[in-house]
Amino acid sequence: MIERYPSIIIEYVCKGIVPMMQLFALYVITHGHYSPGGGLLGGVILAASFILMRLVLGGEYSYGKFSPRGAIALGTVGVLLFGIAGVLPLATGGRFLDYEYLPILWTSGASLRSLGILVVEVGIGLAVCGVLVTIFDNLVGRGSDV
């Protein structure tokens, strides 16, 4: 079990910085199809915020906020989202990850490709976050048994 860090100052700094890290991670993930960054970097920042919570605030508090099973579920949802965005164009006559063939009726052309890239970036970000938090939980001895 990860014990709570004994400093009240570090605890309050952590409680203040974690929401900002998570907001920045979501910005990097969702803005990644327009600029540098994206799913990998955003997922790493998001995972770092959860790992920081586990290290500073202790396992009991942080597992209540984001459990190891939740991390596995988040990683699974991310991989499924990426897979669906890749395989769905195959069903409509395109190639793997060919966003022009996504069956989204209200948009087409460049905006359809942009939406497809956004879906893939979100899937990658969720998968990276879930996998990194799961690896950390397994390294400290708290796997999906919580």
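Remember, it's a predicted structure, so these values are computed and weren't measured experimentally. Values below: all heavy atoms of this structure, side chains included; hydrogens, waters and symmetry mates excluded.
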Q: Ring pair (Phe, Tyr, Trp, His ring centres under 6.0 Å) with Tyr101: which residues, sequence neighbours excluded?
A: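 By the ring pair (Phe, Tyr, Trp, His ring centres under 6.0 Å) rule, Tyr101 matches no residue at all.
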
Q: In a check of side chain to side chain contact (heavy atoms under 4.5 Å, CB included) between Leu52 and each of Val13, Ile17, Leu57, which one passes?
A: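 Result for side chain to side chain contact (heavy atoms under 4.5 Å, CB included) with Leu52: Ile17.
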
Q: Looking at Tyr61, is Lys15 sitting on its ring face, NZ or CZ under 6.0 Å from the six-membered ring centre and within 45 degrees of the normal?
A: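 Because its charged atom sits under 6.0 Å from the ring centre and within 45° of the axis, Lys15 does stack over Tyr61.
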
Q: What distance separates Phe136 CZ from Thr134 OG1, expressed to the nearest 0.5 Å?
A: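 Reported value, rounded in 0.5 Å steps: 11.5 Å.
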
Q: Grab the two heavy atoms, one from Leu112 and one from Leu102, that are nearest each other, plus how far apart they are.
A: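 Scanning both residues completely, I find the closest heavy atoms to be CD2-O, 3.8 Å.
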
Q: Would you say that Pro89 contacts Leu97 through its side chain, given a criterion of any heavy-atom pair below 4.5 Å between the two side chains?
A: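 No, their side chains stay 4.5 Å or more apart.
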
Q: Please say yes or no: joined through hydrophobic side-chain contacts below 4.5 Å, possibly via intermediate residues, are Val18 and Ile10 part of one cluster?
A: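 Yes, because Val18 and Ile10 connect within a single hydrophobic cluster, where side-chain heavy atoms sit under 4.5 Å apart.
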
Q: Any side-chain to backbone donor/acceptor pair from Ser67 onto Tyr63? Under 3.5 Å, distance only.
A: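 No.
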
Q: Indicate yes or no: at least one non-hydrogen side-chain atom of Phe50 is less than 4.5 angstrom from one of Cys129.
A: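 Heavy-atom side-chain distance check passes, below 4.5 Å.
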
Q: Under the side-chain contact (heavy atoms from CB on, under 4.5 Å) criterion, do Leu55 and Tyr5 qualify, and how do the steps go?
A: CA-CA 7 Å; Leu55 289 173; Tyr5 195 78; over 6 Å; no

Q: Is there a continuous path of hydrophobic side-chain contacts, each under 4.5 Å between heavy atoms, that joins Ile104 to Leu90?
A: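 Yes.
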
Q: List the residues meeting side-chain contact (heavy atoms from CB on, under 4.5 Å) with Leu26, not counting sequence neighbours, and say none if there are none.
A: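 Result, side-chain contact (heavy atoms from CB on, under 4.5 Å) vs Leu26: none returned.
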
Q: Side chain to side chain contact (heavy atoms under 4.5 Å, CB included) with Val131: which of Val128, Ile135, Val133?
A: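 Testing Val131 for a side chain to side chain contact (heavy atoms under 4.5 Å, CB included) against Val128, Ile135, Val133 leaves exactly one candidate, Ile135.
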
Q: Is there side-chain contact between Ile117 and Tyr99, with at least one heavy-atom pair below 4.5 Å?
A: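 Side chain of Ile117 against side chain of Tyr99, heavy atoms only: contact under 4.5 Å found.
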
Q: Can you see which heavy atom on Ile124 is nearest to which on Leu40, and at what distance?
A: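 Residues Ile124 and Leu40, closest heavy atoms: CG2-N, 3.7 Å.
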
Q: Do any N or O atoms from the side chain of Glu121 and from the backbone of Gly39 form a donor-acceptor pair under 3.5 angstrom?
A: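 Yes; at least one donor-acceptor contact below 3.5 Å.
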
Q: Applying the 4.5 Å side-chain criterion to the ILVMFWY set and letting contacts propagate, would Val122 and Leu80 be lumped into a single cluster?
A: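 No, because Val122 and Leu80 fall into different hydrophobic clusters, even though each may have its own neighbours under 4.5 Å.
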
Q: Would Arg54 and Val140 count as a side-chain contact (heavy atoms from CB on, under 4.5 Å) if you check the C-alpha gap in whole Å, the side-chain angles of each, and the deciding distance to 0.1 Å?
A: CA-CA 10 Å; Arg54 281 164 166 54; Val140 298; over 6 Å; no

Q: Rounded to the nearest 0.5 Å, how far does CG of Leu81 lie from OG1 of Thr76?
A: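 Between atom OG1 of Thr76 and atom CG of Leu81 there are 12.0 Å.
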
Q: Starting at OH of Tyr12, measure out to OG of Ser7 and round the result to the nearest 0.5 Å.
A: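 Those atoms lie 11.0 Å apart.
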
Q: Is it true that Leu46 and Phe66 fall in one hydrophobic cluster, defined by side-chain heavy atoms closer than 4.5 Å?
A: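 Shared cluster, yes.
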
Q: Looking at Ile29 and Gly42, what are the two nearest heavy atoms and their distance?
A: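 The answer is CG1-CA, 3.6 Å.
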
Q: So, for Leu132 and Ile51, which heavy atoms are closest and what is the spacing to 0.1 Å?
A: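 In this case the closest contact between Leu132 and Ile51 is O-CD1, 4.2 Å.
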
Q: Does anything in residues 82-96 form a side chain to side chain donor-acceptor pair (under 3.5 Å)? List the pairs, not counting sequence neighbours.
A: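 Sorted pair list comes back empty.
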
Q: According to a 4.5 Å side-chain heavy-atom criterion applied to Ile, Leu, Val, Met, Phe, Trp and Tyr, with indirect links allowed, do Leu23 and Val28 form part of one hydrophobic cluster?
A: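 No, no single cluster joins them.
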
Q: May I ask you to say whether Glu60 pairs ionically with Arg4, meaning some side-chain N is under 4.0 Å from a carboxylate O?
A: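 Answer for the salt bridge query: no.
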
Q: Roughly how far, to the nearest 0.5 Å, is CE of Met53 from NZ of Lys65?
A: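 One finds 7.5 Å between NZ of Lys65 and CE of Met53.
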
Q: Give me the ring orientation class for Phe96 and Phe82: parallel if the planes are under 30° apart, tilted from 30 to 60°, perpendicular past 60°.
A: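 Aromatic pair Phe96/Phe82 classed perpendicular.
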
